[in-house]
K.L.:
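Below: one structure in structure tokens.
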Amino acid sequence: MPEGPSIVLIKENLQRFVGHTITAVSGNAKFEKDWLVNEVLLGIKTFGKQLYLVFEKAVLRTHLLLFGSYSIDEQTKPEKSLRLGIWFDSGSIFFYTCSVKEVEHSYLTEIDWQADVMSDIWDPKKAVRKLISLPDTLVCDALLDQQIFSGVGNIIKNEVLFRIGVQPESLIGDLPTAKLNQLIAEARNYSFDFLNWKRDFVLKKHWLVHTKSNCPICGERLIRKHLGKTNRRCFYCLKDQKRY
DNA sequence: AGGGTTGTTAGGGG
DNA sequence: GCCCCTAACAACCC
């Protein structure tokens with residue numbers, strides 16, 4: 001669920017509640033929730049893996065972390081503990097196992113929206129500038145840096161590195177300019193492929209290396225290793241991905 | 001069946 | 001203050 005494109009899909013699915021008024025709220029989220037009743041959902045924004053529900057009085061910031069989930073119009077009483085439930089006359093939204101916080105409107109103006117790979121105003125040139133300031137960073141860590149590639153998660157990371165033929169332990173500073181530009185272009189491009197495949201429930205079958213055992217090009221065994229400061233799983237091919 | 005994970009934050013030690 | 005490590009979170013997949 002939790003990488004950037006999945007959050008864009010949540011936004012799409014919740015769009016029908018925009019303009020609707022809250023009738024009740026519940027859940028174990030640790031913030032005062034009573035003010036939400038009678039508030040109108042004014043809009044929904046995403047930034048990377050975060051989803052923002054905008055109201056007049058304040059904004060709710062949700063992040064699904066690793067295990068989070070949500071549901072719309074769930075009929076049966078949930079067995080798992082409800083983090084936040086929002087009821088409208090027209091239906092309901094439930095969030096589970098996620099971080100939910102109340103933030104002020106000013107929080108949204110502080111965000112570097114151009115850093116979101118899914119955004120209409122995604123700025124690849126800005127990403128180049130950020131990357132060249134971090135020459136000693138491993139590419140696998142750089143892709144997961146939410147200040148640079150907001151929305152990119154571990155799946156996107158592995159698939160992007162395979163697509164551009166770069167091993168995860170390569171240093172940013174050792175990549176030729178063309179390869180650096182390819183990295184940035186593919187971070188966005190793959191994220192949109194991810195979005196479309198996820199929307200059609202066929203994401204997993206398009207994975208080329210993530211959780212896979214063998215290289216789809218040469219058939220050799222893939223390397224599976226936790227790497228970098230982020231220490232996240234990397235899947236890569238020694239032959240078809242170059243170590244710079 | 002049970003360990004690992006599509007992720008982030010807080011806190012502590014050095 | 002920065003870097004690095006650990007714990008917490010507590011669901012689901014293979």
Side-chain angles (χ1 to χ4, degrees), chain A residues 1-11 13 27-31 46-52 60-71 74 76-85 94-103 107 110-112 115-118 133-138 140-163 168 171 186-188 190-214 222-236:
Chain A
M1 189 53 75
E3 299 194 28
S6 300
I7 312 307
V8 171
L9 283 177
I10 300 177
K11 178 182 165 179
N13 293 334
N28 59 17
K30 292 190 199 78
F31 67 93
T46 63
F47 175 66
K49 300 163 189 169
Q50 300 149 35
L51 179 80
Y52 293 95
L60 292 188
R61 174 196 189 272
T62 72
H63 195 305
L64 296 184
L65 301 160
L66 205 46
F67 315 128
S69 63
Y70 79 110
S71 68
E74 197 173 322
T76 56
K77 195 181 172 193
E79 315 101 44
K80 34 189 182 179
S81 63
L82 185 61
R83 178 62 40 81
L84 179 67
F94 293 173
F95 290 99
Y96 302 99
T97 330
C98 57
S99 156
V100 189
K101 285 195 265 190
E102 176 190 332
V103 298
Y107 191 98
E110 309 281 307
I111 290 174
D112 177 12
D116 183 348
V117 294
M118 303 301 293
S133 76
L134 302 169
D136 299 328
T137 305
L138 303 187
C140 60
D141 286 333
L143 272 170
L144 291 176
D145 187 333
Q146 300 299 294
Q147 312 281 350
I148 307 174
F149 297 108
S150 185
V152 170
N154 209 36
I155 298 169
I156 296 175
K157 175 195 81 178
N158 282 318
E159 295 295 314
V160 165
L161 289 176
F162 180 72
R163 276 192 175 187
L171 292 180
E186 205 54 52
R188 177 173 169 88
Y190 182 82
S191 294
F192 279 91
D193 285 345
F194 184 123
L195 173 68
N196 291 319
W197 289 328
K198 179 96 182 174
R199 188 187 277 123
D200 296 336
F201 307 104
V202 293
L203 175 65
K204 270 190 196 182
K205 76 173 193 189
H206 287 276
W207 288 348
L208 297 178
V209 289
H210 187 75
T211 72
K212 300 295 177 185
S213 303
N214 295 89
L222 293 172
I223 306 295
R224 172 202 290 241
K225 218 189 255 182
H226 286 73
L227 294 174
K229 281 198 293 191
T230 48
N231 197 34
R232 303 292 303 280
R233 286 201 296 180
C234 292
F235 298 83
Y236 59 102

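Side chains included, hydrogens not; waters and symmetry mates left out as well; all remaining heavy atoms used. Bear in mind the structure is a predicted one, so any value in this text is a computation, not a measurement. Letters A, B, ... are given to chains in the order of the sequence lines, protein chains preceding strands, and every chain is numbered from 1.
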K.L.:
Is A/Q146 near enough to B/dG7 that one of its side-chain N or O atoms lies under 4.0 angstrom from OP1 or OP2?
P.N.:
no
K.L.:
Taking only residues two or more places apart in sequence, or in another chain, which ones meet A/K49 in a side chain to side chain donor-acceptor pair (under 3.5 Å)?
P.N.:
none
K.L.:
Mark up nucleotides 8-14 of chain C, 5' to 3', with B wherever a protein heavy atom is under 4.0 angstrom from a base atom, S wherever such an atom reaches only the sugar-phosphate, and - elsewhere.
P.N.:
--SBSSS
K.L.:
Round to a whole Å and report the spacing from NZ of A/K101 to P of B/dT9.
P.N.:
6 Å
K.L.:
Just one of A/V8, A/D193, A/L203 clears the side-chain contact (heavy atoms from CB on, under 4.5 Å) bar with A/K198, so which one?
P.N.:
A/L203
K.L.:
Starting at NZ of A/K225 and ending at P of B/dG4, how long is that distance when rounded to a whole Å?
P.N.:
18 Å
K.L.:
Sequence neighbours left out, what passes ring pair (Phe, Tyr, Trp, His ring centres under 6.0 Å) with A/F235? Give chain and number order.
P.N.:
A/H210
K.L.:
Over 60° means perpendicular and under 30° means parallel, so tell me whether A/Y52 and A/Y107 are parallel, tilted or perpendicular.
P.N.:
tilted
K.L.:
When the distance from CG of A/L203 to P of B/dT6 is rounded to whole Å, what number comes out?
P.N.:
13 Å
K.L.:
How close or far is atom P of C/dC3 from atom CG of A/D141, stated in whole angstroms?
P.N.:
13 Å
K.L.:
Taking side chain as C-beta onward, heavy atoms only, is A/Y236 less than 4.5 Å from A/N158?
P.N.:
no
K.L.:
Using the P atom in both, what is the distance from B/dG4 to C/dT6, to the nearest Å?
P.N.:
15 Å
K.L.:
Salt bridge (Lys or Arg N to Asp or Glu O under 4.0 Å) with A/E186: which residues, sequence neighbours excluded?
P.N.:
A/R163
K.L.:
Whole-Å distance between B/dT6 P and A/N154 CG?
P.N.:
5 Å
K.L.:
Scan side-chain atoms only and decide if A/N28 and A/R83 contain a donor-acceptor pair under the 3.5 Å cut-off.
P.N.:
yes
K.L.:
Return one dot-bracket line describing DNA chain C 5' to 3' (Watson-Crick or G-U wobble pairs, both distances under 3.5 Å; ( ) same strand, [ ] crossing, | another strand, . none).
P.N.:
.||||||||.||||
K.L.:
Nearest to the side chain of A/R233, heavy atoms from C-beta on, is which of B/dT5, C/dC4, B/dT8?
P.N.:
B/dT5
K.L.:
Which nucleotide in the set B/dT5, C/dC4, B/dT6 lies at the smallest distance from any side-chain heavy atom of A/H210?
P.N.:
B/dT6
K.L.:
It should be established whether A/R232 places a side-chain nitrogen or oxygen under 4.0 Å from OP1 or OP2 of nucleotide B/dT5.
P.N.:
no
K.L.:
Looking only at side-chain N and O atoms, does A/D116 offer a donor or acceptor that is under 3.5 Å from a partner on A/S150?
P.N.:
no
K.L.:
For residues 199-213 of chain A, which residue pairs qualify under salt bridge (charged side-chain N to carboxylate O under 4.0 Å, His left out), counting only residues two or more places apart or in two chains?
P.N.:
A/E12-A/R199
K.L.:
Rounded off to whole Å, could you give me the CD1-to-C1' distance for the A/I7 and B/dG7 pair?
P.N.:
11 Å
K.L.:
Please determine, for the side chain of A/K49, which listed nucleotide (B/dG7, C/dC4, B/dT5) has the closest atom?
P.N.:
B/dG7
K.L.:
Verify, without hydrogens or angle tests, whether A/N154 (side chain) and A/R233 (backbone) share a donor-acceptor contact under 3.5 angstrom.
P.N.:
yes
K.L.:
For B/dT9, take OP1 and OP2 only and decide whether either is under 4.0 Å from a side-chain N or O of A/H63.
P.N.:
no
K.L.:
Would you kindly give the CG-to-C1' distance between A/L227 and C/dC4, to the nearest whole Å?
P.N.:
17 Å
K.L.:
Would you mind reading off the distance between A/N158 atom CG and B/dT6 atom C1', rounded to a whole angstrom?
P.N.:
10 Å
